[in-house]
> 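My questions all concern the structure below.
First listed ligand is number 1; within each ligand, the first listed atom is number 1. Because the structure is predicted, anything quoted here is derived from the model rather than measured.
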Amino acid sequence: MPLDPNNTVGQLVVERPGRSRILEQLGIDYCCGGRKPIAQVCREKGLSLPDVLQKIESADAESTANAPAGADPATMTLGELCDHIERAHHAWLRQELPRLAGLLNKLANAHGDRDPRLVSLADIFESFAYDLFAHMQKEERVLFPALRRMERGELEDAQAGLLDAPIGVMLEEHDEAGVALRAMRDLTDGFAVPPGACNTHRAVLDALRTLEADMHQHVHKENNILFPKARHAAGLDSHEG
Ligand SMILES: [Fe+2]
Ligand SMILES: [Fe+2]
């Protein structure tokens, strides 16, 4: 079946997570910007809509040919999604953010005089990581436990109705994380390795690229799957607009 240009980019990835790869390659934001129809995104980015749809369809055909086994977040329950996000993304970030902070500080100390952008990069990363730790803690201690309780029928309607506010805060914080990630991408010219870069510099660029891709997946699962599912279960759909 041909793809509908009115589909939002978030929905395209909910249907088939493998599409995220091609959207990453095209520089199309499917997580924080996931609510826009693919036709609009192509217009805004000056991309040819038929070409983009064709690329997505080829990627679909390829991924069906060698379908990877693995859990599909779109079919998970609220509790399963929370567990999956904590295990797949939060646990990884808790290891990776401190490691990367150490590398970035080392790099800024060693080469910051010659390249002040490395100092800005370390600064942006530091506040990004600090905010993200606080953000994950809110999800793990407040929002996710509430969603698990709602799934078990342990949340009263009035309490479920209050979930709109914390979800709204999480969405805002995802946008802020997206801004920081874009700033880091810009400061490194798209994570490009400059001539003569030392090994620490190479390791930092590689890690930042991986971090960006992982954050896109992570935020996509929360913004486009978990939160809409939670709002639906809480009877908050009518507020959508
Ligand atoms: Fe999260
Ligand atoms: Fe989040």
> Cut-off 3.5 Å, no hydrogens considered: what does the side-chain donor-acceptor table look like for residues 47-54, sequence neighbours left out?
from, atom 1, to, atom 2, distance (Å)
S48, OG, D51, N, 3.1
Q54, NE2, S58, OG, 3.2

> Please tell me whether M215 and L100 are part of a single hydrophobic cluster in this structure, the criterion being side-chain heavy atoms less than 4.5 Å apart.
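Hydrophobic grouping puts M215 with L100.
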
> Tell me who clusters with V179, hydrophobic residues only, linked when side chains sit under 4.5 Å apart either directly or through other members.
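Direct or chained contacts put V179 with none.
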
> With 2.8 Å as the limit, jot down which protein N, O or S atoms are around the Fe ion (ligand 2).
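Hits for the Fe ion (ligand 2) below 2.8 Å: H135 NE2, E139 OE2, H174 NE2, E222 OE1.
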
> Should the ring pair H220 and Y30 be called parallel, tilted or perpendicular, given that the plane angle runs from 0 to 90° and is split at 30 and 60?
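Judged by the thresholds at 30° and 60°, the geometry between H220 and Y30 is perpendicular.
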
> Which residue is it: H174, H218, M170? I am looking for the one with a side-chain contact (heavy atoms from CB on, under 4.5 Å) to N223.
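Running side-chain contact (heavy atoms from CB on, under 4.5 Å) over H174, H218, M170 with N223 returns exactly one hit, H174.
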
> Please tabulate, for the side chains in residues 111-120, all donor-acceptor contacts under 3.5 angstrom to protein atoms that are two or more places apart in sequence or on a different chain.
from, atom 1, to, atom 2, distance (Å)
H111, ND1, R114, NH2, 3.1
D115, OD1, R117, N, 3.2
R117, NE, L187, O, 3.3
R117, NH1, L187, O, 3.2
R117, NH2, L187, O, 3.1
R117, NH2, D189, OD2, 2.9

